[in-house]
Every structure is written in C-alpha cells, then in structure tokens.
Amino acid sequence: MSGSEKSFYLTTPIYYVNDAPHIGHAYTTVAGDFLTRWHRQKGESVWYLTGTDEHGQKVMRTAEANGTKPQEWCDRLVESAWKPVWRDLEIAYDDFIRTTEPRHTERVANFLQGLMEKGYIYEGKYEGPYCVGCEEFKLPGDLDDGKCKIHSKPVEIVKETNWFFKLSEFVPKLIDHYKKNPSACEPESARSEVLAFLEGGVSDLSISRSTFDWGIKVPWDSKQVVYVWFDALLNYATAVGLTDGKESAGGKKFEQTWPADVHLVGKDILRFHAVIWPAMLMAGGISVPKKVFAHGWLLVGGEKMSKSKLTGIAPSDITSHFGVDAFRYYFMRAIPFGSDGSFSWEDMSARYTSELANDFGNLASRLTAMIEKYCGGVLPARAESKELSQSLAKTVDVADKAICALDFQSGINAIMDFCKEVNGYVTATEPWAVAKDPMRKAELDAILYNTAESLRALAILLYPIMPISTTKLWGYLGAESALGALDKQVISKASSWGQLSPGAKISKGEILFPRLEEKIASDTKN
RNA sequence: GGCGGGGUAGCUCAGCCUGGUAGAGCAAGCGGCUCAUAAUCGCUGUGUCGUGGGUUCAAAUCCCGCCUCCGCUACCA
C-alpha cells in the first residue's frame, strides 16, 4: 500500500468510562473489527479507531463516588477494564484515543477557536428545567407533570450563560446532504428519522458548561468547559490530526484518513452523529463522514436490554463458555446489522452446535482425520472440482459485496453455505468407501485435495470474524510454509484454486469447536 | 397525538411491492451411513399467516377499522 492511498477509516463511538464494558459495547466494537479486518484482508490500507470518552459530569461524579480524582479513575478503568476486554476479544484497532490526551484536548481547542473566528460561536443564555437532585438540566421527556421522574421533585428553571454553536444554520445543508446521499446515513430507517428530525426544526446548541470543570477549557473563557458531546465527537478527527499543519505528520495522517468511511454508532446516539457532528465539520470547512451507520439493540427475552441489565452481561460471561470466536461470530451472524436482534443463551448454544461445531469444525475434523488415515498426513496431488471452485468464486463475490455493505449476516451466511456445500461434497463422494479400493487411490486423493482447498478458502474468509480458530485451521492444513501467514491472504485471490501445495503436512489438531455441556443451571436465576 | 416499523410453524425469521394450493434454518420423530466433535445424509409432521370487515373467481399478500409491541417525534398541562 502506498503511503498516499486513502485509508478505509472506521470508528466506533468512544465509550463513556463510567463502568466496565458490556456486550452492547462489545457488539459495536466487534462489528468494527470484523469490517476492518475484512478490508485489510482485501489488501486495503485501513485505519480502525476506538477509544474512551472521559470528560463530563457523570465521569466526574463516578470518580468522586469512588473516592478518586477523575483522571485517576479514567486511567484505572481504561487500563484495567477497557483495553483488556478488547484484547480478549481480538480487537485489532490501530489507535485508541482518550479524550483526556493532549493530542485531543489541544486540537479541540484549536478547532473551537477556529469556529469562533468564523463567527459560528456566540454567547447566549441556556435556560431550562434543572433538577437539583440530579444536578442536571432536563429535557421535556424527562419530566412528569413538571417534576423530575427520578426524584419526583419540582424542577427549577435555571439560566446559565454559555457559548452556543449555530447549529440551526446548517439544517438546510444537512437536509440537502442526506437527501442527495442516501448512503450517508444507514440503514434507511435511521436516515428517515434524521431527516424527520431536521425538518422538524433544530435550535442552536449550547456547547459549554460552567457548573463544573471536568472538561476541556474553552480557549477564550477559562470559566467554561466544552460540552462533553462537542468534545467527544471531535475525537474522530483529532485522533488523525485535525487542525495540524498540512506538512506536519498529523496533517499528512489527516489527509490520508479523512473523511471517515464509516462511523459505527448505536441508534441511541444517532442524532449526535448525524446532525451535530456533520454540522460542526461543515462549520469548520471540513468534509463530512461518508457514512454514519446506526446498528440496533440487543434484545433479551424479546425485551430491550436495559442499560442496567446490559451492564450485568460482561463479554467474559459469554466468552468463558463459548469462546471468543463464537462470541464474535454469533452477534454478527445471528443479528441483521441495523435491526434489533434477540439474544438468548439457547439461541447461541443452538447456533454454536449447529453452525460452528457440526458444520465448520466437523468439516475440518473429518478432512484432517481422513488425510492422516488414508494419506499418512500428507496432502495428496492437486485436483480441481469445478463445482466447488465455481461455487467458491461465487461465494467470495457475494460475501464481499454484502460485508462491504455492512450486511454482515448475509455475508457470513454465504460463507457458511459454502461450508455446508463442502460437507455435502464429502458426503456425496464417500471417500471412506473409495479408500477401500486401492485402484481408486487417485479418486480418493482428488476428493481430499478438493476438500482441503475448500477449507483453505474457508479459513481465509472466516478469519476476519473468527481469527483464533481459523489460525488453528491454517496450521492443521500446513498452509503457512507455502502460502505465508493467514492474515496476509487476500480475499480476491481466495478463490483461485490449487494453492495448497501437495506434500504439505496435514495434522488433526485439537477440535475447533468442541461440543459444549448444557449449561443452564448456573445461568438461570435461582 | 403524529410518523415509521413489527405481530406468519415450538424458536429465529423470509414471503407481502408485482394477489393463485403457506416457506427456510434450528429444534422434534423415523430410517440410512460411518471419514468425523453421539458427526452426517434422506424422509416426515407442524401453522385460525394479530383481529374484524371490504375488494376479488381467488388475500399472508390490496383497501378500511381495531388490538398489541417497538422506535422516532410532539404535546396534554
């Protein structure tokens, strides 16, 4: 990849460091990892950013409640809770940004100063219902008959002098943008909501706070800190050098990555990303992201997983039983990205057993066992099944289109269908029967080679979603010495037939996806 | 209140735009096979298609009302 090629740049939201990550955070981050790994596997230059959002009142309070300073609290949580989870889940991010890092705070200040100079910032009064119990401004929806829903106490109307961003000025441009670029906000339902919201009228945004000080100081007004969302959204651009001089390292990085190709967001924070963020960029004279993609919720028992419930499910609760690959696979395969999806332990168990253990794992198992048994563990001569190779070519094509369009379910489905087809091929050709007749040795060899080749392709295609088990498989197939590392295999060439070299050592290693004990008891709340 | 989406086999869902004997996967039952992780292959059953009307020779599919779940949005005051 040449240094000047525009990178495929994908971001996750930066997560609020209030608490440890739950499976909702992991869902988004795994999706981003899957898609970026896929693009890397296509041979593209890729930049994958995730990180943490560390400013704001809530973090400050949580820190206080835990008897520490905000910065210490963030440091501790990032190192002990967040990064380890991403490591465990095999998240291969290229950069991890924290909003308390100087590279972020300095660039936010620069950017804001720029908006000020361009006249998009003005001083105004924020007036709104304020609950003393919560110490928070409330939205109309948070109120019940004029009282705070949480405290059941009347709210006060409080006025605060803040700096405002002329958000309303960009409404027509935003509407125009989303009307002209359907792919700028997906899925379609999300785009419709954004348009409806924009057309309903949008007022200017208060972008500073004076009631607490855990935040980035407004450059020209040290009594105010930048509103946490205004601060946080900028991370996507500050992380790659926003506001740096063109010839500087940061400037070059920015040139190479911006605009972002995809911002992955949960649908709860869609509006921030699809309205405020592009308006900020427009004001700064910077191009807007190519796509904001809002994914759905995870449902449990048909109900929306509540935040408190979600917190209860740590990724490790699932990975300790099913393993990391199955975790990654399940959420991408079972839930249409963009729609809400039901998650249940039972469904996950069923898919694990049927799709991973019985279809994929078992295919690897039967092939390697037969090569050990019938060929002394040595891959026989090249052969080609036209049917399999053509089907594979089609599979790669379909999967690539779907995955690049963020239709992960269809993409993985196509790959797993091919896996099923290969299983069918083995069953239909009956190598175990052919093996009984020494005269049919060539036929036997061909069947086994074709099956091995199919598995070679499956390892490549499934690597982005299941890096651990496919790497094992790559080893079983003795592929590395001839073909190199698995992550260097290019998607577009995966279907060219006959890559495994005859004579390679094939071994039946440990089972890829062992059958799991029924695990219900410890999980049902007794 | 307005807008949008959903309610189809035990489970998750497709079909609905372009009406014509109700589909897939998983689960379940029966039989076969044995290379494989009690794997796999073949066969089998399953549904008042939320509800009440209407249009039509014919409606899950089109039209109207209603119930219900969800999301966005507005507001009672």
Side-chain angles (χ1 to χ4, degrees), chain A residues 129 139-141 143-147 154 185 187-202 266-271 274-275 294-306 323 326 330-331 333-336 338-375 409-410 412-413 416-417 419-436 444 447-448 451-452 455 469 472-473 476 506 508-518:
Chain A
L139 296 168
L143 300 179
D144 185 17
D145 200 19
K147 294 175 179 178
C185 183
E188 181 59 34
S189 55
R191 179 165 151 268
S192 305
E193 280 181 16
V194 168
L195 275 169
F197 176 76
L198 285 167
E199 278 160 356
V202 173
K267 63 184 188 184
D268 52 333
I269 52 173
L270 171 64
R271 208 190 301 161
V275 176
H295 68 246
W297 295 114
L298 304 180
L299 308 178
V300 170
E303 288 174 28
K304 185 170 112 188
M305 215 185 267
S306 69
Y330 176 79
F331 288 105
R333 162 62 232 270
I335 299 167
S339 311
D340 292 349
S342 328
F343 163 79
S344 73
W345 194 270
E346 292 72 21
D347 185 49
M348 181 151 186
S349 295
R351 285 187 191 281
Y352 177 93
T353 303
S354 165
E355 298 170 20
L356 294 180
N358 296 353
D359 288 346
F360 181 49
N362 191 234
L363 176 61
S365 189
R366 60 202 305 213
L367 181 266
T368 52
M370 283 191 281
I371 289 188
E372 284 197 342
K373 198 164 179 174
Y374 304 140
C375 307
Q409 185 180 53
S410 299
I412 295 172
N413 239 327
M416 293 308 280
D417 281 348
C419 179
K420 281 187 182 179
E421 188 185 338
V422 178
N423 262 317
Y425 168 79
V426 174
T427 302
T429 51
E430 299 189 302
W432 55 91
V434 176
K436 285 177 183 154
L444 172 66
I447 295 168
L448 297 180
T451 307
L455 272 164
S469 48
K472 283 187 200 164
L473 175 58
Y476 301 167
I506 306 289
K508 181 165 164 57
E510 63 183 87
I511 300 270
L512 256 24
F513 297 96
R515 294 184 72 79
L516 299 172
E517 298 297 314
E518 296 272 328

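We name chains A, B, ... by the order of the sequence lines, and we start the count at 1 in each one. Just so it is clear, the structure is predicted and the values come from calculations on it, not from any experiment.
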Under the side-chain contact (heavy atoms from CB on, under 4.5 Å) test, residues paired with [X] that sit two or more places apart:
| X | answer |
| --- | --- |
| A:Ala435 | A:Tyr374, A:Leu444 |
| A:Thr368 | A:Tyr476, A:Ile506, A:Lys508 |
| A:Tyr330 | A:Ala334, A:Phe343, A:Asp347, A:Met348, A:Arg351 |

For [N] and [M], measure between their [atom1] atoms and round to the nearest Å.
| N | M | atom1 | result |
| --- | --- | --- | --- |
| B:G7 | B:A14 | C1' | 15 Å |
| B:U51 | B:U68 | C1' | 10 Å |
| B:C57 | B:G52 | C1' | 23 Å |
| B:G10 | B:C72 | C1' | 34 Å |
| B:U21 | B:G25 | C1' | 24 Å |
| B:A9 | B:G31 | C1' | 24 Å |
| B:C62 | B:G20 | P | 11 Å |

Exercise. Listed in order of residue number, which residues of residues 187-195 of chain A have a non-hydrogen atom at under 4.0 Å from RNA chain B?
Worked result: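 Nucleic-acid contacts, sorted: A:Glu193.
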For this session: Anything under 30° is parallel, anything over 60° is perpendicular, the rest tilted; go ahead and classify A:Phe360 against A:Phe513.
Result: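 Tilted.
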Exercise. What pairs of residues pass the salt bridge (charged side-chain N to carboxylate O under 4.0 Å, His left out) test when at least one of them lies in residues 356-365 of chain A, not counting sequence neighbours?
Worked result: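 Of all non-adjacent pairs touching residues 356-365 of chain A, none passes salt bridge (charged side-chain N to carboxylate O under 4.0 Å, His left out).
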Whole angstroms only, please: what is the [atom1]-[atom2] distance between [X] and [N]?
| X | N | atom1 | atom2 | answer |
| --- | --- | --- | --- | --- |
| A:Arg351 | B:U12 | CZ | C1' | 7 Å |
| A:Trp345 | B:C26 | CH2 | P | 22 Å |
| A:Asn413 | B:A14 | CG | P | 13 Å |

Close N or O pairs between protein and nucleotides 30-35 of chain B (under 3.5 Å):
unit_1 : atom_1 : unit_2   : atom_2 : d
B:C35  : O2     : A:Arg366 : NE     : 3.1
B:C35  : N3     : A:Arg366 : NE     : 3.4
B:C35  : N3     : A:Arg366 : NH2    : 2.7
B:C35  : N4     : A:Arg366 : NH2    : 3.3

Problem set entry | Rounded distance (nearest 0.5 Å) linking atom OG of A:Ser354 with atom NZ of A:Lys420 |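 Reported value, rounded in 0.5 Å steps: 6.0 Å.
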Problem set entry | Separation of A:Arg366 CZ from A:Lys373 NZ (nearest 0.5 Å) |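 The CZ atom of A:Arg366 is 13.0 Å from NZ of A:Lys373, to the nearest 0.5 Å.
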Exercise. Checking A:Ser365 side chain against A:Gly361 main chain: does a donor-acceptor pair fall under 3.5 Å?
Worked result: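 Absent.
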Exercise. What nucleic acid atoms does A:Gly361 come within less than 4.0 Å of, heavy atoms only: base, sugar-phosphate, or nothing?
Worked result: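 Since a base atom lies under 4.0 Å of A:Gly361, the category is base.
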Looking at [N], which nucleotide sits across from it as a Watson-Crick or G-U wobble partner, both distances under 3.5 angstrom, or is there none?
| N | value |
| --- | --- |
| B:G42 | B:C30 |
| B:U55 | none |
| B:U12 | B:A24 |

For this session: Would you mind reporting whether A:Leu270 and A:Cys185 have side-chain heavy atoms less than 4.5 Å apart?
Result: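 The answer is yes, as the side chains (C-beta and beyond) meet within the 4.5 Å cut-off.
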For this session: Select from A:Gly341 and A:Ile511 the residue whose nearest nucleotide in RNA chain B is closer to the 5' end of that strand.
Result: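 Nearer the 5' end of the strand: A:Gly341.
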Exercise. With A:Leu363, which of A:Leu473, A:Asn358, A:Val422 fulfils side-chain contact (heavy atoms from CB on, under 4.5 Å)?
Worked result: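 Looking at A:Leu473, A:Asn358, A:Val422, the match for A:Leu363 under the side-chain contact (heavy atoms from CB on, under 4.5 Å) is A:Val422.
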Exercise. Is the shortest side-chain N/O distance from A:Asn358 to OP1 or OP2 of B:U40 below 4.0 Å?
Worked result: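 For B:U40, OP1/OP2 do have a side-chain N/O of A:Asn358 under 4.0 Å.
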